[in-house]
Amino acid sequence: QAQLVESGGGLVQTGGSLRVSCAASGRTFSWYIMGWFRQAPGKEREFVATVTKSGSLTAYADSVKGRFTISRDSAKNTVDLQMNSLKPEDTAIYYCAASSQWSTRSRDYETWGQGTQVTVSS
């Protein structure tokens, strides 16, 4: 099973950019579809973005489409989420996750990182 560690969270002003990264170790990284989810205080965890094993196909939540970009580097065993034009409603803990199937549902993801806090000030 893969182990996932997120990094790169922080505080940014509205309209700013931030890049969060997820480093994978353990079981072969390329076996997994990778996704990013987020959870704001008092809310359920929600899907943000996902990328296929090859990195050729991606999917995004409507709320982040056009602003966020997911990418993976199989040589480095990392998956990144570039976040632009950030809004206060993007404030949440961002989690990296791995799945053996293509899905936007959190219950289909088998392995999770510990999360990294992203705060967007207004």
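Treat the numbers as computed from the prediction; the structure is a model and nothing was measured.
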Point to revise | Heavy atoms from other residues, nucleotides or ligands near CD of E44 exceed 12 (cutoff 6.0 Å) | key: no
Using a 4.5 Å cut-off on heavy atoms from C-beta on, say whether the side chain of V51 contacts that of S71.
no
On a heavy-atom basis, the closest approach of C96 and L4 is O-CD1, 3.7 Å
_Pair Q117, T91 - check side chain to side chain contact (heavy atoms under 4.5 Å, CB included), show working._
CA-CA 8 Å; Q117 177 69 49; T91 296; 4.0 Å; yes
Side-chain (T111) to main-chain (A98) donor-acceptor, under 3.5 angstrom: no
Taken in chain and number order and not counting sequence neighbours, the residues that satisfy salt bridge (Lys or Arg N to Asp or Glu O under 4.0 Å) with D108 are R105
In short, V48 meets Y94 closest at the heavy-atom pair CG2-CE2, 4.4 Å
Sorted by chain and residue number, the salt bridge (Lys or Arg N to Asp or Glu O under 4.0 Å) partners of K65 (sequence neighbours excluded) come out as D62
Residues passing the side chain to side chain contact (heavy atoms under 4.5 Å, CB included) test with A97, sequence neighbours excluded, are F37, Y109, W112
Tightest non-hydrogen contact, residues C22 and M34, listed as SG-CE, 4.4 Å
dist S25:OG -> Q3:CD (nearest 0.5 Å) comes out at 4.5 Å
Donor-acceptor check, side chain of Y32 to backbone of Q101, threshold 3.5 angstrom: yes or no? no
>> For V20, is there any backbone N or O sitting under 3.5 Å from a side-chain donor or acceptor partner on E6?
In response: no
What one should report as the nearest heavy-atom pair of T50 and W102 is CG2-CH2, 3.4 Å
- Tell me whether V64 is reachable from V12 by hopping between hydrophobic residues (I, L, V, M, F, W, Y) whose side-chain heavy atoms are closer than 4.5 Å. yes
One should read off an interatomic distance between F68 CZ and Y60 OH, to the nearest 0.5 angstrom, of 10.5 Å
Taking distance alone, no hydrogens or angles, what donor-acceptor pairs closer than 3.5 Å link side-chain atoms of residues 79-87 to residues at least two apart or in another chain?
| residue | atom | partner | partner atom | Å |
| --- | --- | --- | --- | --- |
| D80 | OD1 | S21 | OG | 2.7 |
| D80 | OD2 | R19 | NE | 3.3 |
| D80 | OD2 | R19 | NH2 | 3.2 |
| Q82 | OE1 | R19 | NH1 | 2.9 |
| Q82 | NE2 | N84 | OD1 | 2.9 |
| N84 | OD1 | S17 | OG | 2.9 |

Hits for salt bridge (Lys or Arg N to Asp or Glu O under 4.0 Å) against R38, two or more places apart or cross-chain, chain-then-number order -> E46, D90
(message) Can you confirm whether R72 sits close enough to T78 that some side-chain heavy atom of one is under 4.5 Å from a side-chain heavy atom of the other?
(response) no
Applying side chain to side chain contact (heavy atoms under 4.5 Å, CB included) to Q13 and not counting sequence neighbours gives S121
